[in-house]
Amino acid sequence: MAKHIILLSLVALSFGLLAFAFEPSPLQDFCVADSTSSARVNGQPCKSPALVQASDFSFSGLHLPGNTSNPNGSKVTPVSVAQLPGLNTLGISMVRIDYAPWGINPPHTHPRATEILTVLEGSLQVGFVTSNPDNSLITKTLQKGDVFVFPVGLIHFQRNVGTGNAVAIAALSSQNPGVITIANAVFGSKPGISSDILAKAFQVDKSVVYQLQAKF
């Protein structure tokens, strides 16, 4: 009997920990983000329901091509809680990504979201790298209509391998997924990470580090 009680207690504890690992279900129909509030919460405070309008749940312009005239040759147009307040607490967002020929969406991570990407036009090489110690590259070339998933937190990328422009739409499992572009974070931090640390981490001369830091 005592063993059964212990087992049941462990099961209950496991379910309790699992429940705390995910966002709780919303306790109201919606919680439109109030960008004017000074309240500090894990997320965005709710606007009064009396002030909510249809525009809080709408975003326009995702049909417009993004400007890819930059060193990466790509443009990400986000639709997260910052652009669409009605997404607050709902655990979803999306982006449009435009790629010039051979343009890249450079290696990056989303610390708070899994991403599922659909190619609308063109051909994309996509991939992600598994965590230490394996660091295995999982990569595939996608065509129009193909779908690929990038698991939460893993470094991933896309590259246009076609001769024309490419377009993708991606959905993410957070209203505020966050993005950490690896090169920008490592070589463009403010203040900068010590060149001694980076030179040793990347096993290169400090002159290479200085050159990279100058680009970011």
Side-chain angles (χ1 to χ4, degrees), residues 20-21 23 33-45 59 66-85 87-89 91-100 102-115 117 124-139 150-160 168 170-216:
F20 282 116
E23 290 185 3
D34 183 0
S35 60
T36 66
S37 174
S38 60
R40 299 180 63 84
V41 296
N42 185 20
Q44 298 283 346
F59 177 88
N67 183 1
T68 58
S69 57
N70 55 67
N72 289 326
S74 69
K75 173 62 176 178
V76 177
T77 303
V79 187
S80 63
V81 68
Q83 295 79 33
L84 186 56
L87 287 177
N88 197 35
T89 75
I92 56 170
S93 59
M94 65 185 302
V95 297
R96 170 182 171 135
I97 316 172
D98 290 271
Y99 313 81
W102 295 103
I104 65 168
N105 189 9
H108 62 282
T109 72
H110 300 293
R112 296 180 290 273
T114 290
E115 175 182 349
L117 178 142
L124 292 179
Q125 179 193 7
V126 303
F128 65 85
V129 180
T130 65
S131 55
N132 297 351
D134 294 336
N135 300 130
S136 298
L137 173 62
I138 309 297
T139 185
F150 305 105
V152 59
L154 297 186
I155 294 174
H156 59 282
F157 63 87
Q158 303 104 38
R159 177 174 65 161
N160 182 0
L172 300 110
S173 61
S174 171
Q175 66 267 13
N176 185 24
V179 61
I180 301 171
T181 304
I182 306 306
N184 297 59
V186 172
F187 297 106
S189 67
K190 296 178 177 55
I193 300 173
S194 167
S195 59
D196 292 332
I197 293 174
L198 293 181
K200 189 166 186 176
F202 287 91
Q203 301 180 38
V204 297
D205 189 85
K206 283 198 288 187
S207 62
V208 176
V209 173
Y210 294 142
Q211 184 180 11
L212 289 168
Q213 287 178 322
K215 295 180 180 295
F216 295 94

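Just so it is clear, the model here is predicted, and its values are computed rather than measured.
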>> Can a side-chain donor-acceptor contact be found between Asn176 and Ser174 if the only test is distance below 3.5 angstrom?
In response: no
Quiz prompt | Neighbour count >12 (heavy atoms, 6.0 Å) for atom CD, Gln83 | solution = yes
Answer yes or no: is there a donor N or O on one side and an acceptor on the other, between the side chain of [X] and the main chain of [Y], under 3.5 Å?
| X | Y | result |
| --- | --- | --- |
| Asn160 | Ala100 | yes |
| His108 | Ile155 | no |
| Gln44 | Ala82 | no |
| His110 | Gly178 | yes |
| Ser74 | Tyr99 | no |
| Gln213 | Phe187 | no |

*Carefully, step by step, assess Val186 and Phe216 under the rule side chain to side chain contact (heavy atoms under 4.5 Å, CB included).*
CA-CA 9 Å; Val186 172; Phe216 295 94; over 6 Å; no
Q) When you look at Leu124 and Leu117, which way does the side chain to side chain contact (heavy atoms under 4.5 Å, CB included) test go after all the steps? A) CA-CA 11 Å; Leu124 292 179; Leu117 178 142; 4.3 Å; yes
Fill in: For Asn105, side-chain hydrogen bond (donor to acceptor under 3.5 Å, both in side chains) partners two or more places apart
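side-chain hydrogen bond (donor to acceptor under 3.5 Å, both in side chains) check on Asn105 returns Gln158.
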Taken in chain and number order and not counting sequence neighbours, the residues that satisfy side-chain hydrogen bond (donor to acceptor under 3.5 Å, both in side chains) with Ser38 are none
Sequence neighbours excluded, the answer for ring pair (Phe, Tyr, Trp, His ring centres under 6.0 Å) partners of Tyr210 is none
The salt bridge (charged side-chain N to carboxylate O under 4.0 Å, His left out) partners of Arg96 (sequence neighbours excluded) come to Asp98
- prompt: Does Lys200 have any salt bridge (charged side-chain N to carboxylate O under 4.0 Å, His left out) partners at least two apart in sequence or in another chain, and if so, which?
  reply: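 Checked Lys200 against salt bridge (charged side-chain N to carboxylate O under 4.0 Å, His left out); zero matches.
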Looking only at heavy atoms, the pair that brings Ala199 and Asp205 closest together is CB-C, 4.4 Å
Closest non-hydrogen contact found for Ser173 with Ala113 is OG-CA, 3.5 Å
Quick one, Ile92 with Leu87, criterion side chain to side chain contact (heavy atoms under 4.5 Å, CB included). Give me CA distance, side-chain angles, the key distance, then yes/no.
CA-CA 7 Å; Ile92 56 170; Leu87 287 177; 3.9 Å; yes
* Do the non-hydrogen side-chain atoms of Ser93 and Pro177 ever get within less than 4.5 Å of each other? ->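 They are in side-chain contact.
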**Q.** Leu212 and Leu198: CA distance, side-chain angles, deciding distance, side chain to side chain contact (heavy atoms under 4.5 Å, CB included) verdict
**A.** CA-CA 10 Å; Leu212 289 168; Leu198 293 181; over 6 Å; no
What residue pairs, at least two apart or across chains, pass salt bridge (charged side-chain N to carboxylate O under 4.0 Å, His left out) with a residue in residues 207-216?
->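 Found none.
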